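Side chains are part of it too, since the values below use all heavy atoms of this structure and drop only hydrogens, waters and symmetry mates. Quantities reported herein were computed from a predicted structural model and do not represent experimental measurements.
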Amino acid sequence: MNAVRFALCLFLFCVLFSSSGYSRNVSSRPAAVNIGAIFTFESTIGRAAKIAIQEAVKDVNANSSILHGTELKIHMRNSNCSGFLGLAEGLKFTENDVIAIIGPQSSVVAHIISHVANELQVPLLSFAATDPTLNSLQFPFFVRTTQSDFYQMAAISEVVDHYGWKQVTAIFIDNDYGRNGVSALGDRLAERRCRISYKVGIPPDSGVNRGDITDILVKVALMESRVVIVHVYPDMGFKIFSMANHLEMMGNGWVWIATDWLSSVLDSASPLPSETMDSVQGVLVLRQHTPDSDRKRAFSSRWHKLTGGSLGLHSYGLYAYDSVWLIAHALDAFFNQGGIISFSNDSRLPSGEGSSLHLEAISIFDDGKLLLNNILQSDFVGLTGRIKFGIDRSLILPAYDVINVIGTGYRRIGYWSNYSGLSITPPETLYTKPPNRSSSNQNLYNAIWPGDTLLTPRGWAFANNGKQLRIGVPIRVSFREFVSQVQGTDTFKGFCIDVFTAAVSLLPYPVQYQFIPFGDGKENPSYTELVNKITTGFFDAAVGDIAIVTKRTKVLDFTQPYVASGLVVVAPFRKLNSGAWAFLRPFSARMWIVTACFFLVVGLVVWILEHRINDDFRGPPKRQIITVLWFSLSTLFFAHRENTMSTLARFVLLIWLFVVLIINSSYTASLTSIFTVQQLSSPIKGIESLKESNEPIGYQVGSFAEYYLREEVGISKSRLVALGSPEAYANALQLGPEKGGVAAIVDELPYVELFLSRQCTFRIVGQEFTKSGWGFVMHFTIINKHPVKGMVSSTTDSLLCSFVFAKTQAFPRDSPLALDMSTAILALSENGDLQRIHDKWLTQSTCSSETSELESDRLHLKSFWGLFLICGLACFISLLIHFYLIARKLYHATPEESPSAGQGSSRSRRLHRLLSLMDEKAGQEKSAVKRRKLERSLSENDRDCELGRNPMRKETERMTGTTST
């Protein structure tokens with residue numbers, strides 16, 4: 001395709017220019033430089049652009065500081081919105097040695113001329129071509145001096161998400177401009193879990209009549225979405241709005257969003273005729289944001305004088321003005337870098353001798369790449385704000401005004417910027433702050449919607465195509481209270497059916513549906529097959545006790561849960577008698593042993609701490625042992641008679657008495673319960689004890705409990721037994737594992753409650769080990785083939801009485817119907833209808849309401865280990881301090897060892913002294929010290945006498961003998 005376009009360019013060029021030579025212009029800073037401009041003169045954008053470009057050229061030439069004497073000369077061509085004519089007119093620029101081209105305004109023409117610009121290396125600066133694909137690497141010489149539709153579609157997607165709409169209808173002009181713009185819209189909506197549910201293209205030629213537009217709008221009216229995006233040219237856009245108004249599609253409940261084609265018309269031709277304004281009341285419109293400034297206000301005043309008020313100035317006119325200044329700044333940098341304006345022939349072209357095409361006349365701008373680089377590196381402030389290009393060659397900081405058409409004009413309700421999203425504050429103010437895209441920071445002023453209402457439209461309605469929802473309902477053979485078919489009819493009854501019909505009756509719009517039975521009536525149907533029929537489109541919806549499992553959440557949506565649910569364990573039980581040894585049941589064996597040990601330990605610790613200072617803890621060994629035992633056991637009743645004198649002993653006793661208080665209270669409470677409440681016992685304590693055993697476990701046929709027990713809990717499939725009815729439940733539990741039955745059954749709480757209301761010999765043991773809910777389930781298709789993802793109201797797999805929407809064109813993923821059904825269910829809960837429906841179907845107990853409870857677990861050591869730890873630490877710390885004090889006294893009381901004394905005897909004497917010190921009563925240390933000093937003195941005198949070196953020995957003996965006498 002590109003080769004064909006380029007060949008066409010060559011052909012037209014040679015036909016238009018048959019001269020046999022081509023002049024070259026070589027100058028370092030010439031007196032004049034030629035630039036071109038191509039656009040549609042008589043269009044909304046072209047009329048303003050022509051004046052803006054001419055005024056910009058005048059301003060540049062009047063400013064001697066920008067080009068330093070070099071004059072800009074502008075050569076304008078009219079493309080007339082035609083790719084062919086645009087190409088022909090664009091080739092004429094080669095007559096004038098243009099070094100840059102401003103335009104075109106049309107994305108279609110820009111695609112064609114960009115190929116020529118690439119080959120001739122002439123920068124192409126478009127102030128109005130917004131097709132996002134023009135930024136591709138395929139067109140390196142294309143420079144967009146306005147905002148890309150990529151950002152405009154991002155703004156629309158954020159507006160859609162802000163109001164909570166999930167699907168839109170797109171009407172677009174079927175060319176490069178329209179198709180690529182809507183494609184970008186679809187991508188940006190998908191990022192926010194929104195989508196285009198229906199899109200329709202309009203031929204770009206002028207042959208489209210009112211009948212064609214009517215047919216398109218009738219199809220749009222049959223769709224569910226009531227949010228319509230219009231991305232077309234102005235003439236076609238006003239025809240669409242006029243016909244929509246005629247078809248009463250501009251009333252309550254509708255949302256119309258127009259791209260910036262409408263804002264350009266409103267700015268340039270306001271006020272529009274009253275008939276035209278009436279057809280666009282309540283429409284939301286985007287407009288490229290240009291910051292307010294003194295230069296902009298001055299130019300607007302100048303514009304008013306130039307046009308006499310007959311033509312308004314829109315943003316595209318401002319961008320056209322800045323495009324001229326962009327070329328001027330780039331040219332000045334180009335000349336400063338030594339750039340030369342020169343052209344050369346393309347050596348790749350064959351010789352034109354003997355041919356009338358004259359291919360040698362085509363020339364290339366030699367320094368075109370240098371000029372292009374200077375354009376992309378420019379950085380200045382124009383009428384539209386800061387002109388600077390990012391890495392993707394788009395203008396930085398894109399922003400749009402969000403305006404609302406009301407009365408004879410419009411009102412701005414906010415802004416959108418790529419920096420901070422939706423806001424009511426101008427973007428240039430937010431640029432000075434850190435970006436904040438939190439949902440609470442995304443704000444718009446209130447809009448007046450079609451139908452002159454301030455109430456935000458829901459954005460969707462049931463498709464008006466006369467089709468009823470085909471709702472599949474499973475024919476159950478067990479637990480028929482939830483859903484069952486009335487024999488001999490096509491009607492259904494049950495808890496799920498009543499909740500569904502009650503919720504539907506509260507919706508603010510009618511829902512046409514038909515119940516279709518699913519199953520053979522002999523056994524519970526396969527819910528996997530039912531879900532498959534929903535996802536393949538055989539059923540539009542389904543109502544029943546459908547389990548929500550992870551793989552189904554990828555294609556299903558769920559409403560507000562209306563029944564608390566979860567997996568529980570059901571097991572048989574037996575009544576317990578008190579018995580002679582019932583007083584031992586409150587504590588486990590380990591708890592009894594540890595408690596007894598601590599009684600002895602605490603008694604021993606107190607004896608050690610009190611032995612030296614308290615006469616109550618002294619005496620013969622037998623008496624001391626009895627004292628320790630009596631003291632420790634008497635603390636159980638706080639009846640100990642021995643007084644404690646040591647601070648450390650009192651500290652230990654205080655902690656221990658607190659522990660005894662807690663143990664005593666717990667024991668008393670548990671024993672009271674055993675004697676006063678009838679006790680029920682079961683060998684199964686919950687899911688953990690089932691997991692540790694090897695006994696068979698029952699589950700309901702088709703329940704997700706089988707998958708959960710195998711995959712999540714880790715129970716072998718060989719242990720799982722499928723049971724199909726409440727009677728089978730009771731029979732299997734009564735037989736038990738020894739006779740071919742099961743030890744317990746795992747099922748959803750609602751089924752178990754219904755089962756136990758009639759079977760009084762079984763009980764729920766343990767706690768629920770999954771938490772979930774019951775709700776209505778919805779599933780829809782993705783028309784534009786985006787991946788489908790679901791949303792579930794509960795966080796785990798669960799069994800749901802479900803309303804499931806299938807893959808139909810009328811109900812997309814994330815349909816607001818799920819939200820409306822959730823609101824209806826909440827209303828049922830608040831007004832008490834939900835409880836009344838529950839009592840009607842599920843409260844049927846025939847068992848006596850005698851007070852009884854399953855045997856609770858004994859009090860185990862794990863419940864008290866913290867108390868024992870505190871008490872043990874208190875004992876240890878007290879003993880540590882006590883022995884430190886003893887060791888300190890021993891150190892000061894120990895005599896210096898004789899050098900000749902052996903090491904073994906020294907250690908023995910130290911140990912003997914330590915034990916003596918521990919056993920001595922406090923107050924006897926001083927006399928013992930004196931006695932040891934005297935003995936040491938005598939031993940030294942004896943040693944000196946033997947050596948004959950002590951003349952005082954006799955005197956000492958005399959004194960000693962006298963003392964003895």
Side-chain angles (χ1 to χ4, degrees), residues 21-38 53 56-75 90-91 93-103 113-127 135 137 139-145 320-349 360-382 386-396:
Y22 188 82
S23 61
R24 297 173 180 270
N25 184 7
V26 180
S27 175
S28 59
R29 190 178 278 271
V33 175
N34 297 318
I35 61 174
I38 183 169
I53 291 173
V57 171
K58 291 179 182 179
D59 292 345
V60 169
N61 290 332
N63 190 338
S64 60
S65 64
I66 183 67
L67 286 178
H68 305 286
T70 298
E71 180 184 3
L72 275 185
K73 289 186 177 181
I74 187 73
H75 302 271
L91 287 173
F93 287 130
T94 56
E95 289 182 322
N96 309 110
D97 292 342
V98 297
I99 50 88
I101 300 174
I102 297 176
I113 299 182
S114 292
H115 291 284
V116 179
N118 289 348
E119 297 299 328
L120 301 183
Q121 297 188 11
V122 175
L124 185 66
L125 287 74
S126 177
F127 58 88
N135 269 40
L137 299 176
F139 307 116
F141 279 85
F142 177 85
V143 180
R144 195 196 317 272
T145 59
Y321 180 91
D322 283 346
S323 297
V324 176
W325 277 93
L326 176 60
I327 293 176
H329 282 283
L331 272 175
D332 187 49
F334 173 82
F335 290 135
N336 290 336
Q337 294 171 4
I340 298 175
I341 297 179
S342 62
F343 299 85
S344 60
N345 292 331
D346 190 346
S347 60
R348 297 174 297 173
L349 295 176
E360 70 277 2
I362 298 178
S363 60
I364 299 173
F365 180 23
D366 294 331
D367 282 341
K369 291 184 178 180
L370 178 60
L371 179 60
L372 174 65
N373 290 335
N374 282 294
I375 290 173
L376 296 176
Q377 294 173 9
S378 296
D379 187 0
F380 68 97
V381 178
R386 187 179 180 186
I387 305 297
K388 183 179 180 181
F389 296 93
I391 298 176
D392 61 347
R393 300 191 303 165
S394 297
L395 291 176
I396 63 171

Heavy-atom distance under 4.5 Å between the side chains of [X] and [Y], does that happen here?
X: Asn34; Y: Phe93; value: no
X: His329; Y: Ile387; value: no
X: Leu395; Y: Phe389; value: yes
X: Phe141; Y: Val122; value: no
X: Arg386; Y: Asp379; value: yes
X: Leu372; Y: Val143; value: yes
X: Ile99; Y: Leu371; value: yes
X: Trp325; Y: Asn63; value: yes

Legend entry - Verdict with reasoning, Gln121 to Lys369, per side-chain contact (heavy atoms from CB on, under 4.5 Å): CA-CA 7 Å; Gln121 297 188 11; Lys369 291 184 178 180; 4.1 Å; yes

Interatomic distance, [X] atom [atom1] to [Y] atom [atom2] [nearest 0.5 angstrom]:
X: Leu67; Y: Asn61; atom1: CG; atom2: CG; value: 7.5 Å
X: Lys58; Y: Ile74; atom1: NZ; atom2: CD1; value: 13.0 Å
X: Asp97; Y: Ser342; atom1: CG; atom2: OG; value: 10.5 Å
X: Ile35; Y: Ile53; atom1: CD1; atom2: CD1; value: 8.0 Å
X: Leu137; Y: Phe142; atom1: CG; atom2: CZ; value: 13.5 Å
X: Leu125; Y: Ile375; atom1: CG; atom2: CD1; value: 4.5 Å

Inset, instruction - Decide yes or no on side-chain contact (heavy atoms from CB on, under 4.5 Å) for Asp322 and Thr145, but give the supporting numbers first. - result: CA-CA 8 Å; Asp322 283 346; Thr145 59; over 6 Å; no

Legend entry - Of all pairs that satisfy salt bridge (charged side-chain N to carboxylate O under 4.0 Å, His left out), the ones with a partner from residues 59-71, not counting sequence neighbours: Asp59-Arg302

Compare every heavy atom of [Y] with every heavy atom of [X], then report the nearest pair and how far apart it is.
X: Ala330; Y: Asn374; value: O-CB, 3.7 Å
X: Ile66; Y: Ala328; value: CG1-CB, 4.0 Å
X: Gly103; Y: Leu124; value: O-CD1, 3.1 Å
X: Ala56; Y: Val324; value: CB-CB, 3.5 Å

Legend entry - Verdict with reasoning, Phe380 to Leu326, per side-chain contact (heavy atoms from CB on, under 4.5 Å): CA-CA 8 Å; Phe380 68 97; Leu326 176 60; 3.8 Å; yes

Legend entry - Donor-acceptor contact present, side-chain Thr70 to main-chain Pro30, <3.5 Å: yes

Legend entry - Asp392 side chain vs Ser394 backbone, donor-acceptor pair below 3.5 Å: yes

Inset, instruction - For the pair Arg29 and Asp332, find out whether any cationic side-chain nitrogen is under 4.0 Å from an anionic carboxylate oxygen. - result: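 Salt bridge: yes.
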
Inset, instruction - For the pair Phe139 and His115, name the ring-plane relationship: parallel under 30°, tilted 30 to 60°, perpendicular over 60°. - result: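 Correct class here is perpendicular.
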
Inset, instruction - Would you please test Ile327 and Val33 for side-chain contact (heavy atoms from CB on, under 4.5 Å) and show each step? - result: CA-CA 11 Å; Ile327 293 176; Val33 175; over 6 Å; no

